[in-house]
Engineer: 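Just passing along the structure, written as structure tokens.
What you see below is based on every heavy atom in this structure, not just the backbone, and it leaves out hydrogens, waters and symmetry mates. Chain identifiers are assigned alphabetically (A, B, ...) following the order of the sequence lines, protein sequences preceding nucleic acid strands; residue numbering begins at 1 within each chain.
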2 protein chains.
Amino acid sequence: MSPRRSAADTRETRQRILGHSLAIASQEGLEGLTIGRLATELGMSKAGLLGHFGTKETLQLAVVDAAAEVFLREVPRRVKQLPSGLRRLKDVCEAWVSYLERNVLPGGCFFTAATAEFDGRSGPVRDALAGMNALWRRDLRIHIRRAVSDGDLPPDTDVEQMIYELLGIMLALNHFLQLEKDAAAPARARRALERLFRR
Amino acid sequence: MSPRRSAADTRETRQRILGHSLAIASQEGLEGLTIGRLATELGMSKAGLLGHFGTKETLQLAVVDAAAEVFLREVPRRVKQLPSGLRRLKDVCEAWVSYLERNVLPGGCFFTAATAEFDGRSGPVRDALAGMNALWRRDLRIHIRRAVSDGDLPPDTDVEQMIYELLGIMLALNHFLQLEKDAAAPARARRALERLFRR
DNA sequence: CCTACCGATCGGTAGG
DNA sequence: CCTACCGATCGGTAGG
């Protein structure tokens with residue numbers, strides 16, 4: 001009667017796995033994501049699950065990609081696609097704060113958690129995380145440089161310094177939201193950003 | 001011939017275990033710290049090791065305490081015990097940057113790593129970490145308040161905002177040191193601190 | 001502190 | 001996608 005699993009079904013199952021993996025990984029880390037637990041919670045067998053990815057490491061890499069997808073959808077793609085510059089930078093940062101504030105993933109920022117977890121290791125997962133971090137900094141760098149050449153930031157702006165401080169504000173936001181459940185943290189992040197852009 | 005293990009020997013063994021645990025945990029996390037691995041690397045049996053702590057959770061709590069010991073020794077106790085205030089606050093922050101810069105633990109700041117790992121969970125380990133974070137913020141709060149009442153910081157200083165930004169600078173420092181091995185990060189942290197105290 | 005062991009779970013494979 | 005299984009390792013205990 002019912003046809004064999006179509007390619008679309010397969011893709012859907014894969015997305016279900018990745019969605020649940022992302023939720024687990026944001027709370028308990030990429031290593032806390034075990035095949036057995038994942039299979040049980042999704043109501044499938046370990047072998048069936050592993051069939052989609054081959055090994056746990058491949059699954060972890062797919063989760064990193066899925067997390068990047070979510071972040072790109074929720075932050076840069078969410079703001080009006082104005083020309084690069086200070087206005088766009090501010091919009092991106094506001095979307096970033098809002099992303100963390102809205103608790104899109106149950107455990108907060110996946111990349112913050114996963115980066116802290118893997119920064120002391122080596123291998124493909126660590127490299128993928130480092131690559132995503134570098135890509136995102138590159139985006140910020142472009143906006144900041146443009147803001148400087150537009151005259152919206154002082155000509156002596158230290159671009160890397162600004163990226164450093166931006167990231168610090170976001171790391172602190174994630175920290176206060178996750179550890180302290182401090183509802184005042186987003187306002188603090190916004191205030192810190194204002195001070196950063198108004199120097 | 002040789003006497004039975006003395007209480008001093010026992011304490012020494014315990015310290016050896018905790019020291020090695022701290023090194024592992026700063027790199028691979030408090031959960032990556034497994035009894036079997038720890039026992040092998042220390043050349044003792046799992047049962048012998050567990051005898052000192054009872055359960056893994058008790059070991060994890062002891063590691064949190066040991067990490068606090070190291071941090072207190074390397075940061076607040078390392079600066080001249082001047083009266084609380086802006087001078088002391090600046091000294092403490094410099095010791096904090098230096099602590100991370102000198103890579104006292106192989107995986108960077110234990111508390112940053114462990115907090116990111118446990119902030120999505122519940123239980124005694126998470127609570128102990130939250131408690132240490134709160135204690136440290138209390139210290140910083142006292143210094144900032146004193147600096148304000150001394151007139152060394154503006155009377156309208158938002159104390160919690162300054163703590164937030166301070167923590168962000170340190171989280172970013174740990175991030176850039178661990179993930180990017182960016183030797184320029186300590187200088188960026190110092191510059192960000194200057195800007196924070198000079199507003 | 002040790003040896004010897006426990007049940008549970010890990011990632012993964014064979015075969016269908 | 002499944003069942004059935006593998007060796008390795010997990011935290012922990014009994015008994016000395």
Engineer: Would you say Arg126(B) and Ser122(B) are linked by a side-chain donor-acceptor pair, where the criterion is simply a distance under 3.5 Å?
Structural biologist: no
Engineer: Hey, is Lys56(A) close enough to Glu31(A) for a salt bridge, meaning N to O under 4.0 Å?
Structural biologist: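 Judged by the 4.0 Å cut-off on N to carboxylate O distance, Lys56(A) and Glu31(A) do form a salt bridge.
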Engineer: Would you call Arg87(B) and Asp152(B) a salt bridge, taking side-chain N to carboxylate O under 4.0 Å as the test?
Structural biologist: no
Engineer: Could you check whether atom CD of Glu41(B) has more than 12 heavy atoms from other residues, nucleotides or ligands sitting under 6.0 Å from it?
Structural biologist: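 Count over threshold, so yes.
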Engineer: Can Arg102(A) and Ser98(A) be counted as having a side-chain donor-acceptor contact under 3.5 angstrom?
Structural biologist: yes
Engineer: Rounded to whole Å, please give me the gap between CD in Glu12(B) and C1' in dC1(C).
Structural biologist: 15 Å
Engineer: Extract the stems that DNA chain C is part of, considering only consecutive pairing runs of at least three Watson-Crick or G-U wobble pairs, both distances under 3.5 Å.
Structural biologist: C:1-16 with D:1-16
Engineer: Does the side chain of Ser45(B) get closer than 4.0 angstrom to OP1 or OP2 of dC2(C) through an N or O atom?
Structural biologist: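 Yes, because at least one side-chain N or O of Ser45(B) sits under 4.0 Å from OP1 or OP2 of dC2(C).
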Engineer: Choosing from dC1(D), dT3(D), dG11(D), which nucleotide comes nearest the side chain of Lys46(B)?
Structural biologist: dG11(D)
Engineer: On the 0 to 90° scale, with breaks at 30° and 60°, tag the Phe71(B)-Tyr99(B) ring pair as parallel, tilted or perpendicular.
Structural biologist: perpendicular
Engineer: Let me confirm one number: the CG-NZ distance from Asn103(B) to Lys181(B), rounded to the nearest 0.5 Å.
Structural biologist: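 It is 7.5 Å, given to the nearest 0.5 Å.
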Engineer: Below 4.0 angstrom from OP1 or OP2 of dC1(D), is there any side-chain N or O of Thr10(A)?
Structural biologist: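 So the side-chain polar atoms of Thr10(A) never come under 4.0 Å of the phosphate oxygens OP1 or OP2 of dC1(D).
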Engineer: Regarding Arg188(B) and Glu165(A), does a basic nitrogen lie under 4.0 Å from an acidic carboxylate oxygen?
Structural biologist: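 Salt bridge between Arg188(B) and Glu165(A), a charged N being under 4.0 Å from a carboxylate O: no.
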Engineer: What I'd like to find out is whether the side chain of Phe53(A) reaches to under 4.5 Å of the side chain of Ile35(A), using heavy atoms alone.
Structural biologist: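 A side-chain contact is absent here, since even the closest heavy-atom pair is not under 4.5 Å.
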Engineer: Listed in order of residue number, which residues of residues 49-61 of chain B have a non-hydrogen atom at under 4.0 Å from DNA chain D?
Structural biologist: Leu50(B), Thr55(B), Lys56(B)
Engineer: What's the closest nucleotide to the Met44(B) side chain, out of dC1(D), dC2(D), dC1(C)?
Structural biologist: dC1(C)
Engineer: First locate atom CH2 of Trp96(B), then atom CG of Leu167(B), and finally report the distance between them rounded to the nearest 0.5 Å.
Structural biologist: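 Atom-to-atom, Trp96(B):CH2 and Leu167(B):CG are 5.0 Å apart.
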Engineer: Give, for atom CE of Met44(A) and atom CG of Leu49(A), the distance between the pair rounded to the nearest 0.5 Å.
Structural biologist: 4.5 Å
Engineer: Among residues 24-40 of chain A, which contact DNA chain D at a heavy-atom distance under 4.0 Å?
Structural biologist: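 Per residue number, the list is empty: none.
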